[in-house]
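Hydrogens, waters and symmetry mates are skipped; everything else that's a heavy atom, side chains included, is used.
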Number of protein chains: 2
Amino acid sequence: MVRQREFDKEKALDKAMELFWEKGYAATSISDLTAIMGIQRPSLYATFGDKEKLFEAALRKYTNLHASLIRTKLQSTTSVKEAFRNLFEELIEEEYKNKVSKGCFCINTIVELAPHDEKFEILTREHEMYLSVIFQETLLKGIKSGELESNLDVKALAQTLVVALIGITVLLKSLPERSFVDKSVNLILSLIK
Amino acid sequence: MVRQREFDKEKALDKAMELFWEKGYAATSISDLTAIMGIQRPSLYATFGDKEKLFEAALRKYTNLHASLIRTKLQSTTSVKEAFRNLFEELIEEEYKNKVSKGCFCINTIVELAPHDEKFEILTREHEMYLSVIFQETLLKGIKSGELESNLDVKALAQTLVVALIGITVLLKSLPERSFVDKSVNLILSLIK
DNA sequence: CTCATATTATACCAATCAGTATATTTTGAT
DNA sequence: ATCAAAATATACTGATTGGTATAATATGAG
């Protein structure tokens, strides 16, 4: 069966992801999307359904990539403390380097859509919960290796690190002084004992 | 000089604030605004300039009200620890009570507009910095009264509490389990020694 | 080669967007 | 009473929105 698609579906979805990530749902038009995806309007609708379905596909792709990225970063060092420090510091470094700080696509969606659309409320919540599970596993590894104290409340600490990550990510978008975020990261990391 | 305005400018601005707060800048139309403000379209433009100016006026009103509210809450108890606990717990209570959680208008604006508009980057950053100053003053009061340890790093702690407040406020919009936020609030508050 | 099918490109749709022109009405000062 | 100034209500603007109809093109199966 017949004529094949001339564009790469995943590459087009990547482009859509980047744009939704940067501009949000409402501020991104179909014309913006087709321009950056390099496809015609009917191709977008035939391939991805409609604007909301495309957004959902882009967000799902993002959360998968993001979870893998976080997991990889946390496994890159034997020291768990060091791993978390690197995670936060690289996040900060990235945001100050880029011209326009896109932040986290999932967090942006929590703020813009979660309160008005149950589908995105669930999707974004589950991603944050998943991150806290990754954090828990990492902390447990640190306890087993003897690096961390065995009486740590792993669950509470992991959830607090998620809250802190969200707080830092959002605050970075307003470009606060570097020392502001550095100081709070230091204090938060001091909870990992 | 002549015919007087038939509507209350401040009440109309309040209504605009509520709507922008709930739906954000892009998703709120002028028609939505005139409907809820109870005024005609030309009255809106004559009184507030244009959509962006109205948004800015609404946000400025919000940040003023919000700062006063936070200051009042923190002064309501003699115990500083208790005051911060109440602040976080009332925030959580409010968000679970309301049907649609609007979160914090300033945080919503950081996410939606700060990266694309320097005016809002500055305005929102200054509000968050101001909150951290209020927190610092409160912590200093606690040290003076003998409630808190005198060797506390007040600045770092205040900034961390701002980060935590942002993180909690955002996460609440995805309606996580109550225990998730409760656990992290407990751990964060444990930093106030 | 032929035909069914899917993709493409162009052009279009009604609805809504932010913002305004116009004309009417209200008001206080003279 | 008259007139200038400001607020009102209605109706409109051109541009843009999300989404499609149509027709041309490409492709594998028979």
Side-chain angles (χ1 to χ4, degrees), chain A residues 1-60 105 108-109 112-113 116-120, chain B residues 1-60 105 108-109 112-113 116-120:
Chain A
M1 282 162 84
V2 295
R3 183 173 182 179
Q4 63 253 24
R5 204 182 277 122
E6 291 178 7
F7 63 92
D8 184 319
K9 184 176 172 178
E10 285 306 311
K11 282 184 183 167
L13 184 54
D14 278 339
K15 290 291 188 183
M17 182 184 77
E18 297 277 344
L19 198 61
F20 277 131
W21 184 357
E22 180 178 328
K23 310 214 315 171
Y25 180 80
T28 302
S29 73
I30 302 290
S31 299
D32 294 336
L33 287 164
T34 55
I36 210 167
M37 294 165 84
I39 65 178
Q40 299 301 326
R41 198 169 269 251
S43 298
L44 186 154
Y45 282 93
T47 310
F48 299 103
D50 59 13
K51 189 186 178 187
E52 191 184 307
K53 287 219 178 72
L54 174 59
F55 183 90
E56 186 183 340
L59 180 57
R60 286 189 187 279
F105 188 12
N108 298 351
T109 306
E112 185 183 8
L113 300 182
H116 312 100
D117 189 323
E118 198 185 1
K119 181 187 329 107
F120 294 112
Chain B
M1 282 163 82
V2 289
R3 185 174 182 179
Q4 64 252 26
R5 207 181 275 122
E6 289 179 7
F7 61 93
D8 183 320
K9 184 176 174 180
E10 285 307 310
K11 280 184 185 167
L13 184 54
D14 278 338
K15 290 292 187 181
M17 181 184 78
E18 298 276 345
L19 197 60
F20 277 131
W21 183 357
E22 180 179 328
K23 311 216 312 171
Y25 181 79
T28 302
S29 74
I30 301 290
S31 299
D32 294 336
L33 288 163
T34 54
I36 210 167
M37 294 166 83
I39 65 177
Q40 298 301 325
R41 198 169 270 250
S43 299
L44 186 153
Y45 282 94
T47 310
F48 299 102
D50 59 12
K51 189 186 178 186
E52 192 184 305
K53 287 219 179 71
L54 174 57
F55 183 89
E56 187 184 339
L59 180 58
R60 286 189 187 277
F105 188 13
N108 298 351
T109 305
E112 185 184 6
L113 301 182
H116 313 100
D117 189 322
E118 197 185 2
K119 180 186 332 106
F120 294 112

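- Within the structure, every side-chain polar atom (N or O) of B:Q40 is placed at least 4.0 Å from both OP1 and OP2 of D:dT8.
- Across the protein-nucleic acid pair, B:L44 atom CG and D:dT10 atom C1' stand 16 Å apart, rounded to whole Å.
- A:K51 places a side-chain N or O within donor-acceptor distance of the main-chain N or O of A:T28, the cut-off being under 3.5 Å.
- Results of the ring-ring contact (aromatic ring centres under 6.0 Å, His included) test with B:F120 over B:Y25, B:F55, B:F20 single out B:F55 as the only residue that passes.
- As a whole-Å value, the separation of A:F48 CZ from C:dT7 C1' is 14 Å.
- The nearest whole Å value for the distance from the NZ atom in B:K9 to the P atom in D:dA7 is 10 Å.
- B:D50 has its CG atom 5 Å from the P atom of C:dG19, to the nearest Å.
- The A:E6 side chain lies nearest to C:dT8 when the options are C:dT8, D:dT10, D:dT17.
- Distance from the side chain of B:R3 is smallest to C:dT26 among D:dA21, C:dT26, C:dT20.
- When side chains are defined from C-beta on, B:L13 counts as touching B:E10, because their heavy atoms get closer than 4.5 Å.
- Across its full length, the helix from C:dC1-D:dG30 to C:dT30-D:dA1 shows an angle of 10° between the axes of its 5 terminal pairs at either end, rounded to 10 degrees.
- Checking D:dG18, D:dA21, C:dT27 against the side-chain heavy atoms of A:I30 singles out D:dG18 as nearest.
- A donor-acceptor contact under 3.5 Å is formed by the side chain of B:R41 with the base of C:dA18.
- One finds no side-chain N or O of A:Q4 lying less than 4.0 angstrom from the OP1 or OP2 phosphate oxygen of C:dT7.
- Each of B:L59, B:L44, B:T47 was checked for a side-chain contact (heavy atoms from CB on, under 4.5 Å) with B:L54, and the lone residue meeting it is B:L44.
- Using a 4.0 Å heavy-atom criterion, one finds that B:T28 contacts the sugar-phosphate atoms exclusively.
- Counting non-hydrogen atoms under 4.0 angstrom, B:T34 reaches nothing in the nucleic acid.
- Here the side chain of A:D32 pairs a donor or acceptor atom with the backbone of A:S29 at under 3.5 angstrom.
- We find that OH of B:Y45 is positioned 17 Å from P of D:dA9, with the value rounded to whole Å.
- The base of C:dT7 lies outside donor-acceptor range of the side chain of A:R5, with no N or O pair under 3.5 Å.
- Whole-Å rounding puts the B:F7 CZ to D:dA7 C1' distance at 9 Å.
- Rounded to an integer number of Å, the gap from B:I39 CD1 to D:dT8 P is 8 Å.
- Inter-residue side-chain proximity for B:F48 and B:M37 is flagged as met; some heavy-atom pair is nearer than 4.5 Å.
- Following rounding to the nearest Å, A:E52 (CD) and D:dG19 (C1') show an atom-to-atom distance of 14 Å.
- Side-chain atoms of B:E112 come within 3.5 Å of backbone N or O of B:A26 as a donor-acceptor pair.
- An OP1 or OP2 oxygen of C:dT8 is reached within less than 4.0 angstrom by a side-chain nitrogen or oxygen of A:S43.
- Proximity of a side-chain donor or acceptor of A:N108 to a complementary backbone N or O of A:E22 within less than 3.5 Å is not detected.
- A close approach under 4.0 Å does occur between a side-chain nitrogen or oxygen of A:S29 and OP1 or OP2 of D:dT17.
- Nearest nucleotide to the side chain of A:K51, out of C:dG19, D:dT17, D:dG19: D:dG19.
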